[in-house]
Each structure stands twice: as C-alpha cells, then as structure tokens.
Amino acid sequence: MSFPGKITSVIEEFGLFSKGDTVCVAVSGGVDSVVLLYLLSELSKTFRLKIIVCHLNHNLRGVESRADYNFTKKLAKGMGFIFEGKVLPKGKLTKKTNESLQEMARKERLNFLECTRRKFSADCIVLGHNQDDRAETVLMRLLKGTSLRGLTSIAPKRGFFVRPLINTSRSEIEEFAKAREIKFRVDSSNKSRKYLRNKVRLDLLPALEQEYNPRIREALSRLASLVSIDDDFIEEATTRALSKKNNLLTKTAGGVLIDRLKFLKLHKAVQGRVLLKAINLIVKDRVKADVFVEDISNFNIYGSHLDAVQGVILSLRPNLSIDLPEGIYFIREYDKLRFTRDLPKEVVFNLPLKVGAVKKIKQLGLEVKLRILKNKPKTVSQNPFVTH
C-alpha cells in the first residue's frame with residue numbers, strides 16, 4: 001500500500017473527516033507536520049478539503065522561532081492555502097508558575113487551534129502525531145504513573161482533534177520527505193535532554209529496542225490501541241450511567257450534585273469516570289469562554305485527588321469536605337455529593353447536652369455521649385464515649 005493510501009485507510013477507519021470538510025492543519029514547520037500538509041494536499045482532491053494552515057510562534061527560540069513562522073507562512077501561500085498565524089508576546093511563557101514550560105506552551109497551542117477552528121467554522125483540527133509519538137507518550141505516562149485512560153496515549157480521534165499519521169512511524173515519514181525532496185525545519189530543542197520526552201526518544205526507546213524488543217515502538221502503539229477499546233467500553237458505560245433517566249448527576253447553579261447511593265451501585269471503573277466528568281464540568285465553568293479545555297489533566301487534577309474524594313464518599317462520617325486544585329471543593333452531606341467553586345460555609349451551631357445521654361449532632365455527623373470522667377483520657381482515640 002502506498003504512503004498516501006495508508007493515510008487514507010486510517011482516515012476511513014476512524015472517520016477522521018468527510019468530503020467537503022474544512023480542516024485546520026497544525027504545521028510547526030517540522031518534518032511530521034510538513035509531510036502531513038503535503039499528504040492532505042494530495043488527498044484534498046479526493047476529499048475536497050478546504051485547508052487552513054495554522055502556526056503558533058511561542059517566541060521561545062528567538063531567530064529560530066521567527067524562521068519557523070516565516071517558513072510555514074511561505075509554504076502555505078505557495079501551496080495555495082489560507083495561513084492563520086499568531087506570535088505570542090516575548091516572555092509570556094516564562095512567567096513564574098507551577099506548570100512546566102512545555103505544558104504552558106501546549107495549552108497556548110491548543111487554545112490557538114481551537115480559536116482558529118471556531119473562526120473558520122472548521123470541522124476538525126488535524127495534528128501530525130505519529131506512531132513514535134504515541135509510543136513515547138505511553139512510556140512517559142508509565143514512568144510517571146497513569147490510569148487506563150492515560151495508557152490510551154494519543155488517540156486517532158478525540159473531539160475535534162484528528163491524527164492521520166498515528167499508525168505511521170517517524171522513519172517512514174522521513175523517508176517520504178527525502179524521496180519527495182520536501183523541505184522542512186529542524187527544532188534544535190528536540191536534542192535537549194532536559195525534557196522527559198527527549199530523553200525517552202533519544203535514550204530509553206533506543207535502549208529498549210537494542211536490548212529487549214526491536215519493535216518496541218509498534219508494541220507500545222498496539223498497546224495504546226487495545227487499551228483504547230477497553231476505555232471506550234468504560235466510557236460508554238459511564239454515558240449510560242449519566243443518562244437523564246438515572247438522575248445520578250445534576251448540574252446546579254452552585255456546581256454539580258451527585259446522588260451517593262446511586263453512585264455506590266456503579267462499578268468502580270465507572271465511578272472514577274463519573275467523578276472526572278463532574279470535575280470537568282466545574283473546570284469548564286471556571287475558565288474563560290475562549291479557552292479550550294481538552295481534559296482535566298490540564299488543570300492539575302490527579303489520581304491522588306480522586307482517591308481522596310473516594311475516601312470521603314466511603315467514610316463513616318456523613319459530613320466532610322476537602323479542597324481540590326483550581327479552587328474546587330468536594331462536599332459530602334450525608335448522601336449528597338457536591339463539587340462546587342464556592343467555599344463551604346463554616347458550620348455554627350448551639351446544642352444542649354445532658355450528662356449520660358446520647359446526642360446526635362447532625363452538623364458534624366457525630367453521636368456523642370456526655371459523661372464526667374475522673375481522669376483525662378490520654379488520647380481522643382481512647383475515649384470510649386465518642387463514636388463516629
């Protein structure tokens with residue numbers, strides 16, 4: 001099968017786009033995205049595509065960044081495509097923040113692409129990620145610790161984002177560029193080992209190929225594909241659980257409300273997804289309307305936070321709350337679970353207590369029995385008169 005034929009097969013298998021679509025193509029100037037643009041140019045005759053070439057200059061590499069921008073603009077104009085470019089103000093990505101430079105750059109790029117898609121009412125955003133990128137992402141997430149969703153790595157299609165080169169190796173792309181004498185730019189930062197992806201690409205993967213499996217890139221990419229099938233199944237089950245007839249999750253003015261008893265009847269895999277969906281709704285409410293939110297992993301929500309939420313849900317104490325990143329709060333009030341942006345109000349109450357009697361304090365989710373002790377207990381846990 002020819003290289004263009006292989007790409008066509010991926011497009012058709014995953015329904016990446018349809019005839020007559022308007023597509024925004026992210027072109028950095030590197031070999032992957034430039035080859036992608038040439039391939040789409042050829043396929044546009046069959047699919048009758050309207051192509052918008054998109055390029056964001058992060059302004060991080062000075063002259064080199066400007067050269068990438070000018071190269072991409074000239075390439076787009078030369079091929080007869082609309083060019084949509086943007087240059088970030090110098091220093092915008094160097095402000096002190098908890099995020100890495102790469103993560104900040106990624107967010108800016110996603111936001112730029114989404115704004116461009118809206119501007120041109122495009123049907124999708126086409127990215128140049130390939131099989132090697134997918135394998136690298138799987139390894140990176142394994143090293144950091146990840147979930148089933150994380151192991152899906154880079155999907156062929158997710159939302160408006162599509163990736164026709166996802167089953168094509170980087171070596172195939174480079175060979176195609178050489179055979180066609182296609183010019184492209186080389187990003188000097190790709191050689192820097194201060195970035196995890198580069199260390200995985202330059203050191204770890206070659207070592208695994210040499211010592212363990214010469215086809216490790218294909219194996220990791222295949223793993224991502226297989227996991228994606230299981231992930232889709234769980235996602236479908238989550239969608240069914242969240243259907244209106246089940247009345248499990250309710251969007252309110254103050255946040256998101258979940259029925260605890262119905263939640264506990266779900267499979268644990270689905271429970272986790274329900275919590276993610278709820279948090280995602282809060283996150284999307286907090287960001288500006290023109291900011292694109294792909295998933296909550298962009299907003300510092302991790303597995304440890306979901307574990308803490310689950311701990312509150314399963315606790316014997318019916319009234320608890322915890323703080324989550326991004327100014328989000330999770331509150332349990334008996335069998336009502338709530339994600340909210342509003343700070344929980346301080347509980348103030350005044351109740352009469354009688355020596356020897358058991359008193360239920362609803363505000364704290366406690367039952368107490370008051371008794372006068374002769375000696376002070378050594379610790380609270382040794383006090384036999386407090387039950388949770």
Side-chain angles (χ1 to χ4, degrees), residues 92-114 137 140-154 158-159 161 195-197 231 234-235 238 242 248-258 260 263 266 268-315 317 319-333 336-347:
K92 180 171 184 180
L93 297 182
T94 56
K95 296 178 181 178
K96 292 183 179 180
T97 174
N98 292 329
E99 295 177 308
S100 68
L101 182 63
Q102 285 186 314
E103 184 58 29
M104 287 190 291
R106 175 178 176 270
K107 284 185 181 180
E108 289 289 343
R109 186 166 57 252
L110 291 175
N111 292 335
F112 162 68
L113 291 171
E114 172 60 10
T137 303
M140 288 170 62
R141 292 181 176 175
L142 281 172
L143 291 172
K144 290 182 176 181
T146 189
S147 63
L148 183 73
R149 168 59 63 87
L151 285 178
T152 63
S153 181
I154 303 172
R158 182 167 292 161
F161 292 95
Y195 301 120
L196 176 59
R197 181 175 292 276
D231 182 71
I234 297 174
E235 194 66 17
T238 304
L242 291 173
L248 170 67
L249 183 149
T250 306
K251 186 78 166 59
T252 67
V256 177
L257 195 65
I258 299 174
R260 178 176 176 271
F263 177 86
L266 301 174
K268 193 170 183 179
V270 177
Q271 288 181 355
R273 293 297 173 89
V274 168
L275 296 178
L276 289 174
K277 298 286 186 184
I279 297 173
N280 211 6
L281 287 172
I282 300 294
V283 168
K284 288 185 176 181
D285 275 352
R286 294 190 69 249
V287 299
K288 297 178 182 178
D290 62 344
V291 175
F292 174 70
V293 182
E294 184 180 20
D295 56 59
I296 64 169
S297 63
N298 293 341
F299 290 84
N300 305 311
I301 303 291
Y302 300 104
S304 58
H305 299 119
L306 295 183
D307 289 342
V309 170
Q310 285 278 27
V312 170
I313 294 172
L314 297 174
S315 173
R317 294 185 61 182
N319 285 276
L320 290 171
S321 67
I322 57 173
D323 297 0
L324 297 172
E326 305 299 325
I328 300 172
Y329 303 96
F330 176 70
I331 303 169
R332 174 184 168 188
E333 298 166 329
K336 291 182 179 180
L337 311 175
R338 183 157 52 98
F339 288 98
T340 179
R341 292 169 290 162
D342 301 324
L343 184 66
K345 295 180 179 179
E346 183 179 355
V347 178

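Basis for what follows: all heavy atoms, side chains included, without hydrogens, waters or symmetry-related copies. Note that the coordinates shown come from a computational prediction; the quantities given were computed from them, not determined experimentally.
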>> Glu108: which residues meet the salt bridge (Lys or Arg N to Asp or Glu O under 4.0 Å) condition with it, sequence neighbours left out?
In response: Lys92

>> Does either side chain, that of Thr252 or that of Arg338, offer a donor lying less than 3.5 Å from an acceptor on the other one?
In response: no

>> Could you measure the distance from the CD1 atom of Ile234 to the CG atom of Leu148? Nearest 0.5 Å is fine.
In response: 5.0 Å

>> Which residues pass the side-chain contact (heavy atoms from CB on, under 4.5 Å) test with Thr146, not counting sequence neighbours?
In response: Arg141, Leu151

> Do you know which two heavy atoms are closest between Leu101 and Leu93, and how far apart they sit?
Replying inline: CD1-O, 2.9 Å

> What is the minimum heavy-atom distance between Leu249 and Ala278, and which atoms define it?
Replying inline: CD1-CB, 3.9 Å

>> Looking at every heavy atom in both Leu196 and Lys144, which two are closest together, and how far apart are they?
In response: CD2-CE, 3.6 Å

> Is the shortest heavy-atom distance from the side chain of Leu275 to the side chain of Gln271 under 4.5 Å?
Replying inline: no

> What are the two closest non-hydrogen atoms of Thr137 and Ser153, and how far apart are they?
Replying inline: CB-OG, 3.2 Å

> Is Thr152 close to Arg149 at the side-chain level, that is, under 4.5 Å between some pair of heavy atoms?
Replying inline: yes

>> Could you tell me if the side chain of Arg273 sits less than 4.5 Å from the side chain of Leu276, heavy atoms only?
In response: yes

>> Assess the residue pair Lys277 and Glu235 against the criterion (salt bridge (charged side-chain N to carboxylate O under 4.0 Å, His left out)); give the C-alpha distance rounded to whole Å, side-chain angles, the decisive distance to 0.1 Å, and a yes or no.
In response: CA-CA 10 Å; Lys277 298 286 186 184; Glu235 194 66 17; 2.4 Å; yes

>> Does Lys107 form a side-chain contact (heavy atoms from CB on, under 4.5 Å) with Leu110? I'd like the steps, not just the answer.
In response: CA-CA 5 Å; Lys107 284 185 181 180; Leu110 291 175; 5.7 Å; no

> Partners of Leu320 by side-chain contact (heavy atoms from CB on, under 4.5 Å), sequence neighbours excluded?
Replying inline: Val312, Ser315, Arg317

>> Just verifying a value: how many Å separate Asp323 CG and Phe330 CZ, rounded to the nearest 0.5 Å?
In response: 12.5 Å

>> Minimum heavy-atom separation for Phe263 and Leu248, please, with both atom names.
In response: N-CD1, 3.6 Å

> At their closest point, which heavy atom of Arg260 faces which heavy atom of Leu314, and how far apart are they?
Replying inline: NH2-CA, 4.5 Å

>> Main chain of Ile282, side chain of Arg341: is a donor-acceptor contact present, judged purely on distance under 3.5 Å?
In response: no

> Which value, rounded to the nearest 0.5 Å, describes the distance between Asn111 atom CG and Glu114 atom CD?
Replying inline: 8.5 Å

> To the nearest 0.5 Å, what is the distance between OH (Tyr329) and CD1 (Ile322)?
Replying inline: 12.0 Å

> Rounded to the nearest 0.5 Å, what separation is found between the CG atom of Leu257 and the OG1 atom of Thr340?
Replying inline: 10.5 Å

>> Is the shortest side-chain heavy-atom distance between Val309 and Leu337 below 4.5 Å?
In response: no

